[in-house]
Every structure is written in structure tokens, then in C-alpha cells.
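Data first, discussion second: the structure below is written as C-alpha cells.
Below, chains carry the letters A, B, ... as their sequence lines are ordered, and counting in each starts from 1.
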2 protein chains.
Amino acid sequence: MTQAIPLPRTRELIRELVRAYQAFEQLSNNRIRQHGLTHAQFDVIATLGNTAGMSCKTLSEKTLITKGTLTGVLDRLLEKQLITRTVDANDRRSLFVVLTEQGDALFRQAFPDVAGHISRAFDHMSDSELATASALLHQLRQAMEHSQEP
Amino acid sequence: MTQAIPLPRTRELIRELVRAYQAFEQLSNNRIRQHGLTHAQFDVIATLGNTAGMSCKTLSEKTLITKGTLTGVLDRLLEKQLITRTVDANDRRSLFVVLTEQGDALFRQAFPDVAGHISRAFDHMSDSELATASALLHQLRQAMEHSQEP
DNA sequence: TATTGTTATACTCTATAACTATA
DNA sequence: TATAGTTATAGAGTATAACAATA
């Protein structure tokens, strides 16, 4: 309950992280919608892409979409015939989700397009600058993931 | 329409940015909800905090919430008596939004609490590390903001 | 008993377009 | 005509809790 007052440097970092992501969202959301997908749907497609499929549970963990919500998102992808959702023979409580051929085609089209659109923003950065930035974001993520609830 | 294939380094950067923000959201969302606010409502309160107020238009630009959506968000904050929304005497098309005393109290309580909760993740980082990280995120944001639609 | 996923509920955000009123 | 904001519409995501089926 008693929170230490965050240091100015940390506040600044949080503000910049939020702003950077806002800018990212603006770039990506338009592009994602041009492929007829919502952000959540794109996340699911991108997560399933280049895999042999996975359970709802795994998908939920990777996308951070809670199970109740995921059911609805998958329902809509099913309607669009982008995925299949079949009972796992080994554990019949579990459902196995896989991209359809159509879903895979969309993945192979949409993912590079969205990524490519964003990547143009970083055209002026060198390989080593990009690598440094990635490493730093990785470090920030690790720090946040390992900071558990009190 | 023809997109350059994004370089691996850029893809990696995008992936890390998304993941870092996911981790951030997980940390912040729980905390925000403990103050009885949604993410959008918190954004508005945080934007209005430490200001003399601003028009809906400005608020919309700062929070990236579109005007139609903003009306609903402000309606709910109004219900909770956290803001006032009054006609601007100078331009009577415009509405001026200000935190109430109650809204300001919540801002002064919730903002440091949320920021403090997150900042603990970065406790182990030095001032100069934090500054470097902020500068880098700032650079990434600038790059994305200046990358306009083709 | 615990786990996987669905269903039900209720709310919030979202984009969009038509609209009102002011300028 | 243009701008600021509301309203209407229709969807989509969200958390939560109760539930069914399976382990």
C-alpha cells in the first residue's frame, strides 16, 4: 500500500515506453485493419503462424488474452475460416487450434506487410543500433516480467 | 502495396517492443483497476493531472482516443464526479475539461501508485541506464511518428 | 479435486457516419 | 464552409463467475 515515490528517471522511462508504444499502435493498427483483422485477431494469427498449432491454454498464455475472451476471438476467426479448433485426442478437455490454409495464407501476407510497414520507420538505423535497441527492450521486459505482485 | 521484406533486425525490434509493452500492460492494468479506473480513464486522468484543463480536442490528441469514443469515456468520468466539462466562453463549440477536486485527489493517489508499482521493476537499474533507455525509446518514437502513410 | 474451455453477464472501448451548434 | 463535440450504430474486447467435461 505504501509505495515508494518513483524516481524522475523511472517516470521518464515509463512515459517514453507508453509513448513509443502509442506511436507503434498508430502505425500498426491501420495496417492490421486493412487485412480485415482486429488487433487481437492479428495477435492470434501471428502467434499461430509458423507453428504446428497449439492449445487454447498456450495461445492464451502467449497472447495474454484471457480464456473467456479468447473463446470469442477464436469464434470470429473460425467464422472467417482462418483457423480450425479441434479436440485434442490425448487430452479431451483441450482444444487444438491450427491455422487453415486460408489462415496461413493471410499470415504470410499480413505479417510481413504489417512488419514491413513499421520497419520503414527504422530504415535509417544501422544494424547495430537496431540490435542495441532490441537488447534494451529485452532487458526492460525481463525486468518487468520478473517484478511480481507483492 | 509492394512492401520491402523487413530485415530480421527490424522484426526483432518490433517483437521486443510489443513484448515489452505487454509486460508493461500486465503490470499496470491490475494496478489501474484497483483504483476503479479503466486504462482509457486512467489515460485521461493522467493527461489532465497537473494541468489547468484542456479542450476535448486537445485531450483527444494527447490520449489518441477518437472524439466519439472520448465522449463516452468522459461521460463515465463525469458520473464518477472526477471531471467537469464546461462550455468554453471564448469558443462556444468547445468544451473545457478539468479534474474536480476529487479527480485531482485520485490523480495524486493513483498516478504515483501505478508509476511506483512499475518503477520497482527498474530498481536495479542505474540512473544512467534509465536515461539511456529513455533516450532510445524517445528515438524510436520519433522514428515512428515521422514515418507517415505512403 | 484440478484443469480446459464454454457460456452468461455486464461493461467499456472502438470506428464510423450523421448530426447539432457554433465559428 | 469548417470545426467541436454529440449521438447512433454495430461490433469487439474485457473481467468475472458459474458451468460442463475430462483428467
Does any N or O donor sit under 3.5 Å from an N or O acceptor when you compare the side chain of A:Arg93 with the base of C:dT3? yes

Return the value, rounded to whole Å, for the distance between atom CD1 of A:Ile65 and atom P of D:dA12. 14 Å

B:Thr69 has a side chain; which of C:dT14, D:dG5, D:dG13 sits nearest to it? C:dT14

Is B:Arg85 salt-bridged to B:Asp75, cutoff N-O under 4.0 Å? yes

Over how many whole Å does the gap from A:Leu37 atom CG to D:dG13 atom C1' extend? 15 Å

Toward the 5' end of DNA chain D, which comes first, B:Leu70 or A:Asn90, by nearest nucleotide? B:Leu70

Rounded to whole Å, CG of A:Leu59 lies from P of C:dT4 at a distance of 14 Å

How close or far is atom C1' of C:dT12 from atom CD1 of B:Ile45, stated in whole angstroms? 16 Å

Does the side chain of A:Leu27 reach to within under 4.5 Å of the side chain of A:Phe24, using non-hydrogen atoms? no

Sugar-phosphate, base or nothing in reach of A:Ser94, heavy atoms under 4.0 Å: sugar-phosphate

For C:dT16 and A:Arg33 - does any side-chain N or O of the residue sit under 4.0 Å from the phosphate oxygens OP1/OP2? yes

Categorize B:Ser55 for me: base, sugar-phosphate, or nothing, with a 4.0 angstrom heavy-atom threshold over every strand shown. sugar-phosphate

DNA chain D contacts among residues 74-83 of chain A, heavy-atom distance under 4.0 Å: A:Arg76

Taking transitive links into account, so neighbours of neighbours count too, which hydrophobic residues share a cluster with B:Val87 at under 4.5 Å side-chain distance? B:Leu95

Does A:Thr66 place a side-chain N or O at less than 4.0 Å from the phosphate oxygens OP1/OP2 of D:dT14? no

If you assign each of A:Leu64 and A:Asp91 to its closest nucleotide in DNA chain D, which residue comes earlier from the 5' end? A:Leu64

Sugar-phosphate only, base, or nothing, as touched by B:Thr38 at under 4.0 Å among non-hydrogen atoms: sugar-phosphate

Does any non-hydrogen side-chain atom of B:Glu16 lie less than 4.5 Å from one of B:Arg19? yes

Run the salt-bridge test on B:Arg93 and B:Asp88 with the 4.0 Å N-O cut-off and return the result as yes or no. no

Atom CG of A:Leu95 and atom C1' of D:dA21 are separated, to the nearest Å, by 11 Å

Rounded to whole Å, the CZ-C1' distance (A:Arg85 to C:dT6) equals 9 Å

Salt bridge between B:Arg9 and B:Glu12, side-chain N to carboxylate O under 4.0 Å? no

May I have the step-by-step check of side chain to side chain donor-acceptor pair (under 3.5 Å) for A:Gln102 and A:Lys80, ending in yes or no? CA-CA 9 Å; A:Gln102 201 176 329; A:Lys80 295 179 187 171; over 6 Å; no

Rounded to whole Å, the NZ-P distance (B:Lys57 to D:dT6) equals 14 Å

Whole-Å distance, A:Glu61 CD to C:dT3 P, equals 12 Å

